[in-house]
Amino acid sequence: MSAKVDAIVIGGSAGALEALAVILPTLPAQFPVPVAVVLHVPPTRRSLLVDVLGARSASPVVEVDDKQPFATGTLYVAPANYHLLVERTRTFALSVDPPVQYSRPSIDVLFESAADAYGPRLGAVLLSGANDDGAAGLARIREAGGLVAVQDPSTATSGEMPTAAIRLGLADRVLS
């Protein structure tokens with residue numbers, strides 16, 4: 001497991017916004033590694049995540065465009081109804097492949113692609129959520145030597161996502 005990461009990926013669903021409202025204000029402006037976030041959002045409505053997260057973040061928050069570089073100092077969010085992937089060139093790709101775990105965007109898709117791009121230099125955080133999306137992606141991150149943090153299920157609005165990861169032994173850290 002690497003002591004330093006070059007990128008962070010965060011995933012969550014039900015209750016994850018509450019956790020991000022606690023995490024984001026603690027991150028300094030121009031955070032030294034890029035951060036990508038996938039939250040399950042309704043596919044038929046415009047996502048308000050840029051506005052909601054931007055109000056809590058000292059760094060800029062942007063909705064990803066296809067082929068956009070994954071660069072430091074920015075928090076990137078997946079657009080509604082698109083899978084978000086990180087390519088080996090450390091740029092983003094958007095996909096309309098079928099939903100995974102009933103979701104598009106899927107946390108597993110982001111986590112797995114980021115693990116392939118960053119290997120042991122990737123950090124991942126799995127937050128509150130009501131299914132097990134993210135567990136397969138965390139397994140890939142662990143196989144690649146990346147660092148995995150999972151929200152303590154007792155502090156999550158919906159503890160199923162973090163519980164699935166913990167049950168599979170994927171968490172390096174369990175944090176409130």
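Only heavy atoms go into these numbers, but all of them, side chains included; no hydrogens, no water, no symmetry mates.
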Asker: Is the closest side-chain heavy-atom distance between Ile166 and Pro153 below 4.5 Å?
Answerer: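 A side-chain contact under 4.5 Å exists here.
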
Asker: Any Lys/Arg nitrogen of Asp6 or Lys4 sitting under 4.0 Å from an Asp/Glu carboxylate oxygen of the other?
Answerer: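 Yes, charged N to carboxylate O under 4.0 Å.
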
Asker: For atom CZ of Arg56, decide whether the heavy atoms of other residues, nucleotides or ligands shown that lie under 6.0 angstrom number more than 12.
Answerer: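 Atom CZ in Arg56 is not crowded, with 12 or fewer foreign heavy atoms closer than 6.0 Å.
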
Asker: Within the distance-only criterion (no hydrogens, no angle test), does the side chain of Asp108 pair as donor or acceptor with the backbone N or O of Ala136 below 3.5 angstrom?
Answerer: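 Indeed, once roles are kept as given, a pair shorter than 3.5 Å links the two residues.
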
Asker: Might you point out which heavy atoms bring Val64 and Pro79 nearest each other, and give the distance in Å?
Answerer: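 Between these two residues, the closest heavy atoms are O-CG, 3.8 Å.
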
Asker: Locate the shortest heavy-atom distance separating Pro34 from Ala71; write the atom from each residue and the value.
Answerer: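 The answer is CB-O, 3.0 Å.
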
Asker: Do you know which two heavy atoms are closest between Ala115 and Leu122, and how far apart they sit?
Answerer: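 Nearest pair, atom of Ala115 first, then Leu122: N-CD2, 3.5 Å.
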
Asker: Within a radius of less than 6.0 Å around CZ of Phe92, do more than 12 heavy atoms belonging to other residues, nucleotides or ligands occur?
Answerer: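 More than 12 within 6.0 Å, yes.
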
Asker: For Gly134 versus Ile107, what's the shortest heavy-atom pair and its separation?
Answerer: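 Nearest pair, atom of Gly134 first, then Ile107: CA-CG2, 3.6 Å.
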
Asker: Starting at OG of Ser103, measure out to CG of Asp133 and round the result to the nearest 0.5 Å.
Answerer: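 One gets 5.5 Å once the value is rounded to the nearest 0.5 Å.
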
Asker: Using atom types as modelled and distance alone, determine if a side-chain donor or acceptor of Arg88 lies under 3.5 Å from a backbone N or O of Asp116.
Answerer: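 Confirmed, Arg88 side chain pairs with Asp116 backbone.
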
Asker: Is the shortest side-chain heavy-atom distance between Thr72 and Pro32 below 4.5 Å?
Answerer: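 The answer is no, as the side chains (C-beta and beyond) never meet within the 4.5 Å cut-off.
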
Asker: Rounded at 0.5 Å granularity, tell me how far OG in Ser158 sits from CG in Leu127.
Answerer: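 The OG atom of Ser158 sits 12.0 Å away from the CG atom of Leu127.
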
Asker: Assign the ring pair Phe70 / Tyr118 to parallel, tilted or perpendicular, where the plane angle (0 to 90°) is split at 30° and 60°.
Answerer: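 Perpendicular, since the angle between the ring planes exceeds 60°.
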
Asker: How many angstroms lie between atom CG of Asp132 and atom OG of Ser13, to the nearest 0.5 angstrom?
Answerer: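 The distance works out to 11.5 Å.
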
Asker: So, Gln68 side chain and Asp65 main chain: donor-acceptor pair closer than 3.5 Å or not?
Answerer: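 Yes; judged by distance alone, with no hydrogens or angles, the pair exists.
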
Asker: Is the shortest heavy-atom distance from the side chain of Glu63 to the side chain of Val77 under 4.5 Å?
Answerer: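 Yes; the side chains approach each other to less than 4.5 Å.
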
Asker: Kindly say whether Val86 contributes a backbone atom to a donor-acceptor pair with the side chain of Ser113 at under 3.5 angstrom?
Answerer: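 Here the side-chain-to-backbone pair exists.
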
Asker: Would you say the side-chain atoms of Thr89 and Thr91 include a donor-acceptor pair closer than 3.5 Å?
Answerer: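 Yes, because at least one side-chain N or O of Thr89 sits under 3.5 Å from a partner of the opposite role on Thr91.
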
Asker: Is Leu39 reachable from Ile23 through a run of I, L, V, M, F, W or Y residues, each pair having side-chain heavy atoms under 4.5 Å apart?
Answerer: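 Yes, Ile23 connects to Leu39 through the hydrophobic network.
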
Asker: At their closest point, which heavy atom of Ala80 faces which heavy atom of Pro42, and how far apart are they?
Answerer: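 Looks like CB-O, 3.7 Å.
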
Asker: Looking only at atom types and distance, does a side-chain atom of Thr74 sit under 3.5 Å from a main-chain N or O of Tyr76, one as donor and one as acceptor?
Answerer: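 No: the side chain of Thr74 does not pair with the backbone of Tyr76.
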
Asker: Using a strict threshold of under 4.0 Å (side-chain N to carboxylate O), is an ion pair present between Asp97 and Arg104?
Answerer: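 A salt bridge is absent here (no side-chain N lies under 4.0 Å from a carboxylate O).
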
Asker: Is the shortest heavy-atom distance from the side chain of Glu112 to the side chain of Ser106 under 4.5 Å?
Answerer: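 In short, these two side chains do not touch, never coming nearer than 4.5 Å.
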
Asker: For the hydrophobic clusters of this structure (ILVMFWY residues joined by side-chain heavy atoms under 4.5 Å, transitively), does one cluster hold both Leu17 and Leu27?
Answerer: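 Yes, Leu17 connects to Leu27 through the hydrophobic network.
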
Asker: For the residue pair Ala156 and Pro162, what are the closest heavy atoms and their distance?
Answerer: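 Closest approach of Ala156 to Pro162, heavy atoms only: CB-CG, 4.4 Å.
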
Asker: Using a 3.5 Å distance criterion without hydrogens, assess whether the side chain of Asp152 forms a donor-acceptor pair with backbone atoms of Leu175.
Answerer: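 Checked: no pair found.
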
Asker: Applying a strict under-4.5 Å side-chain criterion to I, L, V, M, F, W and Y, I'd like to know whether Met161 and Leu168 cluster together.
Answerer: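 Same cluster.
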
Asker: For the hydrophobic clusters of this structure (ILVMFWY residues joined by side-chain heavy atoms under 4.5 Å, transitively), does one cluster hold both Tyr102 and Tyr82?
Answerer: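 No: no chain of side-chain contacts under 4.5 Å links Tyr102 to Tyr82.
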
Asker: If you round to the nearest 0.5 Å, how far is CZ of Phe111 from CG of Leu85?
Answerer: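 These two atoms lie 13.0 Å from each other.
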
Asker: May I ask you to decide if Val148's main-chain N or O and Asp172's side chain share a donor-acceptor pair within less than 3.5 Å?
Answerer: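 The answer is yes, because a donor-acceptor pair under 3.5 Å joins these two groups.
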
Asker: Using modelled atom types and a 3.5 Å cut-off, is there a donor and acceptor pairing between side-chain atoms of Ser128 and backbone atoms of Ala14?
Answerer: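 Checking the backbone N and O of Ala14 against the side chain of Ser128, a donor-acceptor pair under 3.5 Å is found.
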
Asker: Atom OG1 of Thr163 and atom CD of Gln151: how far apart are they, to the nearest 0.5 Å?
Answerer: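 Here the rounded value is 10.0 Å.
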
Asker: Would Glu87 and Lys67 count as a side-chain contact (heavy atoms from CB on, under 4.5 Å) here? Give the steps.
Answerer: CA-CA 9 Å; Glu87 298 180 319; Lys67 305 306 178 205; 2.9 Å; yes

Asker: Looking at Leu170, is its backbone amide N or carbonyl O close enough to the side chain of Arg142 to form a donor-acceptor pair, meaning the two atoms are under 3.5 Å apart?
Answerer: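 Side chain of Arg142 to backbone of Leu170: a pair is present.
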
Asker: Within this structure, what is the CG-CG distance for the pair Leu53 and Leu75, rounded to the nearest 0.5 Å?
Answerer: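 One finds 6.0 Å between CG of Leu53 and CG of Leu75.
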
Asker: Check for a donor-acceptor pair, side chain of His83 on one end and backbone N or O of Pro98 on the other, with a separation under 3.5 Å.
Answerer: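 The answer is yes, because a donor-acceptor pair under 3.5 Å joins these two groups.
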
Asker: Transitively linked via ILVMFWY side-chain contacts under 4.5 Å: Phe31 with Val37?
Answerer: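 Yes, it is one cluster - the side chains of Phe31 and Val37 are joined through contacts under 4.5 Å.
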
